[in-house]
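Read through the structure below, which is laid out as structure tokens, and then see the notes.
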Amino acid sequence: MIAYIKGVLTQVFEESIVVEQGGIGYDIQIPASLFQSLPACGSEVMVHTYLYVKMDMGIISLYGFLSREDLKVFRLLLTVSGIGPKGALGILSTITPDNLRFAILSDDSKTIAKSPGIGAKTAKKLIIELKDKLSLSEALEISKEHAIQQEAGGMGIRTEAVEALTALGYSATEALRAIKQVEITEGMTVEELLKASLRHIQ
């Protein structure tokens, strides 16, 4: 099993990247949602990988993520009956791993159903099978780390707003659902997001 590959990012394609390590270029498929987080070509990168082998069809593929936590989400998707590596990658190409965690925890099947090949029924089944395997505290902590690493202000204020709403006595599900209905704009403060979110809580 290849846990991760650390090397130089040499090429970026529509659905994959090439990381060179030890004179070998590894073609790694990554979700489209992570392309914006890649460093510039020529930079060093560490990609956490999942090796998929299907010998009867002669398939050997590497799937990669920029964090171990995101790889964990990919592995969790593979435990859902009917979802293979391509399907899991399709979901994470439409929804970032952070947003998928929040969608599962908030029973937001509509967001998940927007993924290619995933209908409403499969989205609901996915939530049922994975919700107990995720925790809100862990999702918030991972989201915080990503916000710091990527300087993603929108993600950062969303995390703070969720914590503020839960501190006010609202359930995690209520907080997540309300915040997801607010469009986070550049320069928006936590206070502004809280006020907008409260309008969506009944």
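Being a predicted model, the structure only gives us computed values, none of them experimental.
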Do [X] and [Y] belong to the same hydrophobic cluster, where Ile, Leu, Val, Met, Phe, Trp and Tyr are linked whenever their side-chain heavy atoms lie under 4.5 Å apart, directly or via other members?
X	Y	value
L168	V182	yes
L193	L198	yes
I128	F102	no

Counterpart residues, side chain to side chain contact (heavy atoms under 4.5 Å, CB included), relative to [X] (two or more places apart):
X	result
I2	I5, T49, L62
K110	D108
A113	A123
A32	F35, S93

Just to verify, what does [X] make a side-chain hydrogen bond (donor to acceptor under 3.5 Å, both in side chains) with, not counting sequence neighbours?
X	result
K86	Q29
S16	D27
S43	none

Does T10 use its side chain to pair, donor to acceptor, with the backbone of V18 at less than 3.5 Å?
->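 Looks like yes, one N/O pair under 3.5 Å.
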Flag, side chain of K125 to backbone of S81, donor-acceptor distance under 3.5 Å =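 Judged by distance alone, yes, a pair lies under 3.5 Å.
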Can you tell me how far the [atom1] atom of [X] sits from the [atom2] atom of [Y], to the nearest 0.5 Å?
X	Y	atom1	atom2	answer
S67	M46	OG	CE	9.5 Å
L66	I17	CG	CD1	7.0 Å
L77	L100	CG	CG	5.5 Å
E44	K6	CD	NZ	4.5 Å
I118	T111	CD1	OG1	13.5 Å

Residue pair I127 / I104: nearest heavy atoms and the distance that separates them =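 Scanning both residues, the minimum pair turns out to be CG2-O, 3.7 Å.
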Minimum heavy-atom separation for L130 to L76, with atom names?
->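 Smallest interatomic distance, heavy atoms only, reads CD2-O, 3.5 Å.
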If you look only at pairs with a residue in residues 6-32, which of them pass as a ring-ring contact (aromatic ring centres under 6.0 Å, His included), with sequence neighbours excluded?
->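 For residues 6-32, and leaving out neighbouring residues, there are no ring-ring contact (aromatic ring centres under 6.0 Å, His included) pairs at all.
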Among residues two or more places apart or on two chains, list those pairs meeting ring-ring contact (aromatic ring centres under 6.0 Å, His included) that have a residue in residues 37-92.
->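 Of all non-adjacent pairs touching residues 37-92, those that pass ring-ring contact (aromatic ring centres under 6.0 Å, His included) are Y50-F74, Y63-F74, F65-F74.
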Is L34 close to P97 at the side-chain level, that is, under 4.5 Å between some pair of heavy atoms?
->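 Yes, side chains in contact.
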